[in-house]
Novice: 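I am attaching a structure below and will ask some questions about it afterwards.
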Amino acid sequence: MDSKFDHKIVEKDIYEAWEKSGAFQPSLQPTANGIQQRPFTIVLPPPNASGKMHMGNVLMIAIEDLMIRYHRMKGDPTLWIPGTDHAGFETQITYERELKKQGKSRFEFDRETLYQNIWEFVQSNKSQIEGQIRQMGASVDWSRYTFTLDPHVVSTVYSTFAKMHKEGLVYRDNYMVNYCPKCGTTFADLEIMHEDRVDKLYYIKYKMVGSEDGVVVATVRPETIMLDTHMAVHPDNKKTKHLIGKKVINPLSLKEMEIIADSFVDPEFGTGIVKLTPAHDKNDYEAAKKHNLPVIIGISMDGKMTSEAGKWAGKSVFTARKEVVEELQILGAIDKINEKYEHAVTVCYKGGHDIEPMILPNWFVKVESLKKPALEAVESGKVKIYPEWRKITYTKWMEEMHDWPISRQVVWGIRIPVWYKVGQSENSEGQNVGKSENQNIQITFLAKNHKSSDHSPKITQGSELSHKPVVVSGRVGELLQNYSFEEIRDGLQTLIAPAGCESIVNETCPGDGYLQETDTFDTWFSSGHWPLVTLKYPESEDFKKFYPTSVLETGWEIIRFWVSRMIMFGIYLTGEPPFEYVYLHGMVRAADGKKMSKSLGNVINPDEYMEQYGVDALRMGLIAGTATGKDFSFPKDKITAYRNFGNKLWNMARFFLMMQEKSGITNLKFSNSQMEGLTARDNEIIKMLNETINSVDKLLGEFRFAEAGDTIYHFMWDEVAAKYLEEVKTREDLGVALSVLRHVILTGLKLLHPFMPFVTEAIWKEMPRKHDEMLIISKWPEVK
RNA sequence: GGAUCCAUAGCUCAGUUGGUAGAGCGCUUCGUUUACAUCGAAGAUGUCAGAGGUUCGAGUCCUCUUGGGUCCACCA
């Protein structure tokens, strides 16, 4: 043995030996005295398939591997299923960035081709994260590896959607969604943020109809003024009560606008009068629905003004705002401008871009009947959340939860299995598609045989050359007059079907003339099935044996996104929540105490630490970073400390071996029950060892990982290495002392193995033992 | 605005039924003892944010204040 422990030499070989031994697979693990134990199961929250390991992943794997190894040594049939996530939106963004480097964009591809290209991109990248999971020492069962786009996953998600559709739990409706024109997709309420900003608040003068009087209305969005048809005041506001029912003139459209009463208006804000823009404001939309007002869409999905905006059509929101203000100034319609108006703007959490509220048809999940049992499961303690104070995040969210929009305008994901009939089929039974709402479906597709003489469909992009495919968009009813159904189908990019369209839910194409929905499921809709699909619900033996799983371990920031949905789907499909415990680890912050982010440039890369200090030190250091589940700063010191500790253990073993060799004693006794002639001091150290075992068992049972590790650390270092081992040097009854020392070292290695698997396994291999099995499957010490 | 967590040694954090303040790192001094300098020995550093309350006794429980973090939130 070298005088220093070198993690680089052993890590790879040890992992291969573990994997080869079958220890990761429950069916190949040794059983505990033939007694049928309860299985212990964890499903790995899947990291991004095309990404790389970050500190949060490292902590997650460290904690999960700790629990897994502990239970495996205790003799429970233990299963940890690995997997990776397609990470819909993020991966698509990454891929598009690659395209841009090649001077291309996604608009040059039809949907099918784009999907295939991203698939290949992910396939060529996923070996990195898989390699890193191995490097971490994760004792996962690779034979059960699952990717979130595996055929059986897609098929399970499809059947859930079909079941929910059949039971009336999904519906299609127009909805005011949070749309990000930059990202090109909608975001759920959970996925948007509020950013405090200082903007201009414009006070606009409106003239009353048939009077010289006027009113003044405050707005931050003058660019929508020409769309407005109504204003509103609070019905009980004395100052504005007289205005109800009166009319004013829109300074841009010159149309008359009626002032209505609605209690959502805050009498204290601005002038107490609000202009209504139903298509682009949540409150206004609600009010418009209530009062049956027109909803005029003035901003399109690319963030530009529509034809409804008159002379500003085609201009960006920003430009329109500037120009409208100039126009209003010329008209003398601006009363004043508050230059320093502080308010909160909604932005998307992905890129921090401004959210444009839009009316779009969407698929929704009715959550009312799903959320009740999911809330009940946690409140009754059937699902136990640790740390306990995180529970309130869950219960609050479940109480407030409203219907869940699940459509995403992203290609990379599970395509919603809904089909719209748009083309004529040969066997059409007199169904006149031309008259149906389906002819109003908005299509964007890549036309390969574009005829330059066409003028009805709008060409939005591409060259005039006829051989080069161009992007064509329009209503399908009109497009079909110039293009064949097959050409549209094959070149299809996106489709927006109005809420009233007829549709069929089916996994595969139901017949001729159908186009499939181009939206994909919200990634949380499919990952909400994770414990089910990794266990191959509903028919497999795994599902029968391992469901519900034992612990779901993840970061607290996805309680709402993920944990709640898994519990909902688990109960909905099986009647049982998918796990018994939820353990939520804290967020690893950067050295400066802030959240790690690429934009702040404070990201700490785990690779460097694994390389320099070894996986064991990094894992244990992170676990020791916080004992309470709170967020914590990356604990660099603790990583050094545990690297040193690994070396200390290594040298304890070296000392033992050296003493044994020097003394020539070969008949050491193995278990303390066989040891004779123990001194009071020997009994004392054995007693302390047993107390350590007891407290480690207790602490691990309570998810107090840091304290458990700390307990072993101090016993092994302060009591064994610093004291007992020194005494051994001068003992006359060396045979007894070495027997005790070996017993203590071997037992200590067992206790430590779940925390620091590599160094303990490496030392174990060097120590003379009774059985020659690996440490990973050795029996956890029990105190009699 | 609502909710929640936090404030303990220079730094990062422990301190779970209330009972004499802890760890790691850092710092000071000393040490070539044959397991380990990724080591050993000795040592310094805290009105446990502030105020009040409950108690024989409070870092720990309650109230308020101050200062932070995070989540949620429709105010044009």
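Computed from a prediction, not measured in an experiment: that's the story for all the values here. Lettering follows sequence order; numbering is per chain, from 1.
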Novice: Between B:rG24, B:rA76, B:rC13, spot the one nearest the side chain of A:A641, thanks.
Specialist: B:rG24

Novice: With heavy-atom distances below 4.5 Å as the criterion, would you say the side chains of A:L752 and A:Y713 are in contact?
Specialist: no

Novice: Would one find a side-chain N or O of A:W389 under 4.0 angstrom from OP1 or OP2 of B:rC71?
Specialist: no

Novice: Of the options B:rA76, B:rA35, B:rA23, whose atoms approach the side-chain atoms of A:K638 most closely?
Specialist: B:rA23

Novice: So A:L734 and A:V728, do their side chains get closer than 4.5 Å, heavy atoms only?
Specialist: yes

Novice: Do A:Y581 and A:F703 make the cut of ring centroids closer than 6.0 angstrom?
Specialist: yes

Novice: Looking at the side chain of A:A627, which of B:rA35, B:rA14, B:rU38 is the nearest nucleotide?
Specialist: B:rA14

Novice: Between B:rU63 and B:rU45, how far is it from one C1' atom to the other, in whole Å?
Specialist: 33 Å

Novice: Compare the minimum distances between each of B:rA14, B:rG40, B:rA35 and the side chain of A:W717, then state the nucleotide with the smallest one.
Specialist: B:rG40

Novice: Does A:K205 NZ have over 12 foreign heavy atoms under 6.0 Å away?
Specialist: yes

Novice: How far, in whole Å, is B:rA9 from B:rC62 if one measures between their C1' atoms?
Specialist: 28 Å

Novice: Return the 5'-most residue of the pair A:T626, A:D637 with respect to RNA chain B, ranking by each residue's nearest nucleotide.
Specialist: A:T626

Novice: Write down the distance between OH (A:Y203) and C1' (B:rA76), rounded to a whole number of angstrom.
Specialist: 11 Å

Novice: Select from A:K4 and A:R654 the residue whose nearest nucleotide in RNA chain B is closer to the 5' end of that strand.
Specialist: A:R654

Novice: Please report the distance separating the P of B:rU8 from the corresponding atom of B:rA76, rounded so that it comes out in whole Å.
Specialist: 37 Å

Novice: Which whole number of Å gives the distance between the P atom of B:rA23 and that of B:rG40?
Specialist: 15 Å

Novice: For A:A706, report the nucleic acid contact type (base, sugar-phosphate, nothing); a contact means any heavy atom under 4.0 Å.
Specialist: nothing

Novice: State the pairing partner of B:rA7; accept Watson-Crick or G-U wobble contacts with both distances under 3.5 Å, and report none otherwise.
Specialist: B:rU66

Novice: Between B:rG46 and B:rA14, how far apart are the two C1' atoms, rounded to whole Å?
Specialist: 15 Å

Novice: Mind checking if A:Q612 touches a base, just sugar-phosphate, or nothing, with heavy atoms under 4.0 Å?
Specialist: nothing

Novice: Could you check which nucleotide pairs with B:rG40 in any of the strands shown, counting Watson-Crick or G-U wobble with both distances under 3.5 Å?
Specialist: B:rC30

Novice: Touch check for A:T393, heavy atoms < 4.0 angstrom, all strands: base, sugar-phosphate only, or nothing?
Specialist: nothing

Novice: CD of A:E388: more than 12 outside heavy atoms within 6.0 angstrom?
Specialist: no

Novice: Which nucleotide, if any, forms a Watson-Crick or G-U wobble pair with B:rC61, using both distances under 3.5 Å?
Specialist: B:rG53

Novice: Are any of the side-chain heavy atoms of A:V551 and A:Y386 separated by less than 4.5 Å?
Specialist: no

Novice: Looking only at the side chain of A:R704 (C-beta and beyond, no hydrogens), which of the listed nucleotides B:rU16, B:rC5, B:rU12 gets closest?
Specialist: B:rU16

Novice: Across the strands shown, which category fits A:W556 at heavy-atom distances under 4.0 angstrom: base, sugar-phosphate, nothing?
Specialist: sugar-phosphate

Novice: Which nucleotide wins on minimum distance to the side chain of A:S633, given the candidates B:rU4, B:rU12, B:rA35?
Specialist: B:rU12

Novice: As a test of reading the structure: which of B:rU38, B:rG40, B:rU4 is closest to the side chain of A:N647, going by heavy atoms?
Specialist: B:rU38

Novice: Is a donor-acceptor pair below 3.5 Å formed from side chain A:K648 to base B:rC36, judging by atom type as modelled?
Specialist: yes

Novice: Please classify the nucleic acid contact of A:K275 as base, sugar-phosphate, or nothing, using heavy-atom distances under 4.0 Å.
Specialist: nothing

Novice: Is A:E707 touching bases, backbone alone, or none of the nucleic acid, heavy atoms closer than 4.0 Å?
Specialist: base

Novice: Both distances below 3.5 Å, Watson-Crick or wobble geometry, any strand: find the nucleotide opposite B:rC75.
Specialist: none

Novice: Regarding A:L201, tell me which of base, sugar-phosphate or nothing describes its non-hydrogen contacts under 4.0 Å with the strands shown.
Specialist: nothing

Novice: Using Watson-Crick or G-U wobble geometry with both distances below 3.5 Å, tell me the partner of B:rA14, or none.
Specialist: none

Novice: If I pick the P atom on B:rG10 and the same atom on B:rA49, what distance separates them, to the nearest angstrom?
Specialist: 13 Å

Novice: Would you indicate which nucleotide in B:rA23, B:rU38, B:rC72 comes nearest to any side-chain atom of A:R560?
Specialist: B:rC72

Novice: For nucleotides B:rC25 and B:rA41, find the distance between their P atoms and express it as a whole number of Å.
Specialist: 13 Å

Novice: If you count the non-hydrogen atoms of other residues, nucleotides and ligands that lie under 6.0 Å from CD in A:E399, is the total more than 12?
Specialist: yes

